[in-house]
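Heavy atoms only: backbone and side chains are in, while hydrogens, waters and symmetry mates are out. Protein chains get the first letters and strands the later ones, always in sequence-line order, with residue 1 at the start of each.
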Amino acid sequence: MELTKNFDPKAIEDKWYKHWLSKRYFSSKPDSRPAFTVVIPPPNVTGVLHMGHTLNETVQDVLVRKARMSGFNACWVPGSDHASIATEAKVVGMLKEKGIDKNSLTRTEFLKYAFEWKEKYGGIIYNQIERLGCSVDWDRTTFTMDDHYYKAVIKVFIDLYNKGLIYRGARMINWDSAAKTALSDEEVEYKDITGKLYHLRYKLDTNKEAYINIATQRPETIMGDTAICVNPNDERYAHLKGAYAFVPLINRRIPIIFDDYIDINFGTGALKVTPAHDINDYNLGLKNNLEIVDTINEDGTMSAAAQIYVGEDRFVARKKIVKELEERGFLAKEEEYSTRLGYSQRTGVVVEPRISTQWFVKMKELAQPALKAVVDGDIKIHPGDKFLATYKYWLENVKDWCISRQLWWGQQIPAWYDPEGRIVVAETEEEAYNKYYNEFGDKPQINGEIWSGLTQDADVLDTWFSSWLWPTQVFKGITEPDNEEVKYYYPGSVLVTGQDIIFFWVARMVMAGMEYEKKIPFKDVYFTGMVRDKHGRKMSKSLGNSPDLLELIDKYGADAVRFGIMVSSPAGNDLMFDENSLEQGRNFNNKIWNALKLIKMWEGRARQLTGIYETAENKFALDWFENRLYKVRADVEILMTQFRLSEALKTIYSLIWVDFCSWYLEWIKPGFEQPINAAVYNKTINYFESLLQLLHPYMPFVTEEIYHLLQEQQNDLCVKQFETVKPIDATILAQGELLKQVITTIRDGRNKNQLKPKETITLFIETDIKETYYSIKDILCKQVNADELSFTNEALANTIVLAVEKDKFYIKTDKELDSVTLKEDLLKDLEHQKGFLASVEKKLSNERFIQNAKTDVLAMEQKKKADAEARIKTIEESLSIIS
RNA sequence: GGGAGUUUAGCUCAGUUGGUUUAGAGCAUCUGCCUUACAAGCAGAGGGUCACAGGUUCGACUCCUGUAACUCCCA
């Protein structure tokens with residue numbers, strides 16, 4: 001069989017993914033094995049996978065594939081959420097292009113368009129997950145607007161309402177004037193900006209010539225002013241008790257009130273109170289029974305109540321009002337002012353504080369068990385406790401959750417109102433009627449006529465109000481409580497997600513899990529960092545620094561993308577994404593491919609040759625590598641349970657590239673066109689298979705392909721189970737290290753003396769432990785291109801002298817030697833060793849050290865001292881024979 | 001303003017209860033090699049007063065205090 005020069009990912013990725021699917025390796029049914037359950041953090045249907053998702057999905061796939069190969073029944077549930085605000089905006093935009101106004105449609109008609117849109121674009125994400133090689137159970141794909149899921153959300157709403165944990169009320173909420181909906185506190189992002197502080201003159205009615213100056217950032221809201229407030233301890237305003245002032249431009253007469261909430265030192269010390277447009281003013285208003293004048297419409301334009309500039313956008317109105325205030329002498333001064341403004345996470349517009357009647361979830365009660373689960377350690381957060389404090393803080397200071405959204409795309413709130421505003425909450429309209437009848441007695445009468453209808457709340461629920469049920473409802477735990485699947489798969493094993501949604505999603509899932517399953521939803525939470533570009537900037541559409549996933553896969557291959565993103569992703573830290581690391585992944589693919597090519601060259605030459613297998617160097621190489629393999633297997637096992645996935649990958653990478661390719665294969669490599677012993681060949685195949693298996697969770701495609709090219713296989717690597725790790729022989733590992741060190745030292749000596757790789761040498765070893773070299777001397781000769789090796793008991797003149805540990809090596813060659821460099825190197829080493837010895841001796845001559853240090857530490861120091869002295873002696877002897 | 005975290009080689013990071021050869025890896029750099037698996041490669045090398053200043057200790061990258069810079073969260 002002819003193998004291509006380089007590995008070509010394109011040729012095999014699709015083939016293997018289809019093969020795995022056809023074997024149904026990714027589909028899971030409850031059985032006698034322990035479950036390993038992961039639910040995908042549902043990306044929203046409007047999007048494409050960005051690099052953050054790529055990191056996230058890769059981490060999950062590594063964990064899931066590893067579990068599947070380690071005796072677990074691995075179940076990874078894919079899906080997406082409906083993203084009410086974002087999707088509705090896209091659908092409205094799509095309709096607009098078709099010349100259709102949303103308001104001209106009925107709710108049902110609109111939803112039909114929305115579902116069509118979802119069918120068309122919602123699959124993009126799934127295709128990307130597939131291309132990345134993710135081993136998700138596609139039969140379990142769940143969408144938060146599926147029928148059963150919709151029912152679950154409604155059921156939970158009703159249940160919490162009946163428990164008194166959901167209420168409806170008028171509150172100051174965050175209003176998104178572009179999406180025309182309320183937002184939860186978590187959906188507001190604050191940014192520092194430089195604004196302006198306007199000092200305005202309000203005429204007092206005590207004296208026609210007297211004014212009071214107030215400072216405001218929002219002059220367009222003065223028409224909503226219903227008071228001016230000053231601090232009762234502020235002497236400047238003490239005389240104004242009981243006084244009134246007039247709002248500029250509209251001349252409303254408003255009282256001057258006193259409250260120590262006011263900061264005397266801020267602005268002018270006098271605050272205009274606009275209860276409809278500021279949360280603090282709202283509270284002041286409640287306290288002082290002030291009127292609420294709402295001057296801004298839901299689309300952000302000035303309302304009729306504003307009296308002037310009606311219909312103008314709030315920011316346009318601001319400019320015009322400032323101009324008019326200035327012209328009419330009400331503007332005392334303007335100053336620069338740095339402040340923070342809230343922006344909508346979804347639409348980016350400035351959030352408008354607005355009084356509005358909305359639905360809320362009481363969070364205090366739900367938060368308690370969720371806090372306890374993490375504090376008690378039932379749920380472990382990784383890495384370390386980096387995010388524990390954030391989680392705790394939020395739950396300890398949690399505020400009620402505004403869950404109603406003024407949209408159509410989502411679960412419609414199951415509340416019905418009569419014309420007097422009385423509420424019943426029920427699953428269906430019919431049930432609502434019955435409930436209403438039961439609750440309020442006879443059918444209500446309006447204007448003496450029999451009343452004929454209840455109206456359902458037009459709003460839908462926050463998308464997170466459906467996502468928080470994800471770990472249970474993907475197994476229908478809400479709609480069919482205690483069913484076999486939820487009993488088997490819940491709680492999940494690990495949740496992998498970004499630290500940015502710790503409140504939105506993670507904390508709330510724990511709440512829902514504790515409330516409805518009475519159990520935590522997952523045992524471990526692994527937070528990935530944010531993906532940045534190589535300059536450390538956030539990836540964003542506007543910067544254009546976010547690469548296209550499919551293009552990257554086309555260019556480097558899925559395995560290389562997975563490698564690149566995992567290798568540069570230490571747990572929890574931000575990841576500086578750099579295409580260099582993908583290149584490294586591609587090179588790694590190629591390295592493994594070439595190891596395959598080398599071994600395949602031997603296939604036809606593998607013969608049972610008497611005596612050859614049992615040569616000492618073959619046996620040494622085989623034993624050494626076997627132990628290296630076990631050592632790394634054990635290390636990787638530990639690293640992975642600690643979620644140190646990046647380190648585990650680096651460890652495997654180095655085992656394959658350095659230990660296997662650079663050392664082991666060179667050691668067992670037969671001479672040019674020479675036969676190889678069949679036993680050595682077969683063991684090498686087995687080692688290679690183990691390496692591929694170890695790497696498979698990270699790079700599934702290339703490993704599966706090579707696994708099958710190595711030899712005829714009865715199974716697939718994808719589901720090949722790991723064998724238990726055998727005990728490790730530390731002695732042979734140490735011997736291997738010594739051998740590598742000797743080889744490297746001699747090669748360095750060759751290099752420094754400009755010996756060409758092809759020039760052979762004669763090597764002499766002066767050592768007390770000759771027997772150590774018996775099993776490795778043939779490897780040594782091969783690796784340093786020595787045609788002759790012998791032992792000596794004395795220093796040899798006119799040779800290159802090198803020292804490793806207590807042993808000395810003499811290289812004899814025809815070439816003229818660079819004794820100056822040689823001497824310099826030895827002197828440098830001598831100096832280093834002497835410095836080291838001094839530091840050890842200093843320790844050992846300290847009485848308090850002798851008294852306090854543990855015996856094994858003491859013994860170690862004494863050994864260090866003896867070793868250092870021996871090395872110094874070796875080096876000095878070597879120096880003495882260099883002319 | 002409050003809280004959390006980070007600071008180790010040019011870059012990205014390890015360094016597990018303070019002692020393990022006077023700090024490790026990958027990438028990048030430099031030198032030499034087209035050696036019959038691989039130039040997307042091979043062989044070798046150089047590079048760090050562990051942010052700064054104190055303190056605890058026989059001993060500090062590791063523990064404590066302070067300072068500085070950066071990042072994130074909250075108001």
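- Atom CD1 in A/Ile502 sits about 10 Å away from atom P in B/C74, given to the nearest Å.
- If you measure from atom CD of A/Glu396 to atom P of B/A4, you get 13 Å, rounded to the nearest angstrom.
- Across all strands shown, B/U20 has no partner, as no Watson-Crick or G-U wobble contact with both distances under 3.5 Å is found.
- For A/Lys600 (side chain) and A/Leu710 (main-chain N/O), a donor-acceptor pair under 3.5 Å exists by modelled atom type.
- In this structure, A/Ile850 places its CD1 atom 14 Å from P of B/C58, rounding to the nearest Å.
- Using the six-membered ring where Trp is involved, A/Tyr664 and A/Phe660 have ring planes that are parallel, under 30° apart on the 30 and 60° scheme.
- Among the protein residues, A/Arg750 comes within range of no part of the nucleic acid, since none of its heavy atoms lies under 4.0 Å from any strand.
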Could you go over nucleotides 46-48 of chain B and give all protein N or O partners under 3.5 Å, atom names and distances?
none

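- Taking the P atom of each, B/U56 and B/G46 are spaced 38 Å apart, rounded to whole Å.
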- Item | Nucleic acid footprint by protein, nucleotides 19-25 of chain B - heavy-atom cut-off 4.0 Å, B for base, S for sugar-phosphate alone | BSBB---
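- If you check the side chains of A/Trp667 and A/Gln783, you find a donor sitting under 3.5 Å from an acceptor.
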- Which nucleotides of nucleotides 35-43 of chain B have their base under 4.0 Å from a protein heavy atom (B), which only their sugar-phosphate (S), and which neither (-), written as one string 5' to 3'? SBBBSBSSS
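- Rounded to an integer number of Å, the gap from CG of A/Asn785 to P of B/G44 is 14 Å.
- Separation of the C1' atoms belonging to B/C42 and B/G48 is 28 Å when rounded to the nearest angstrom.
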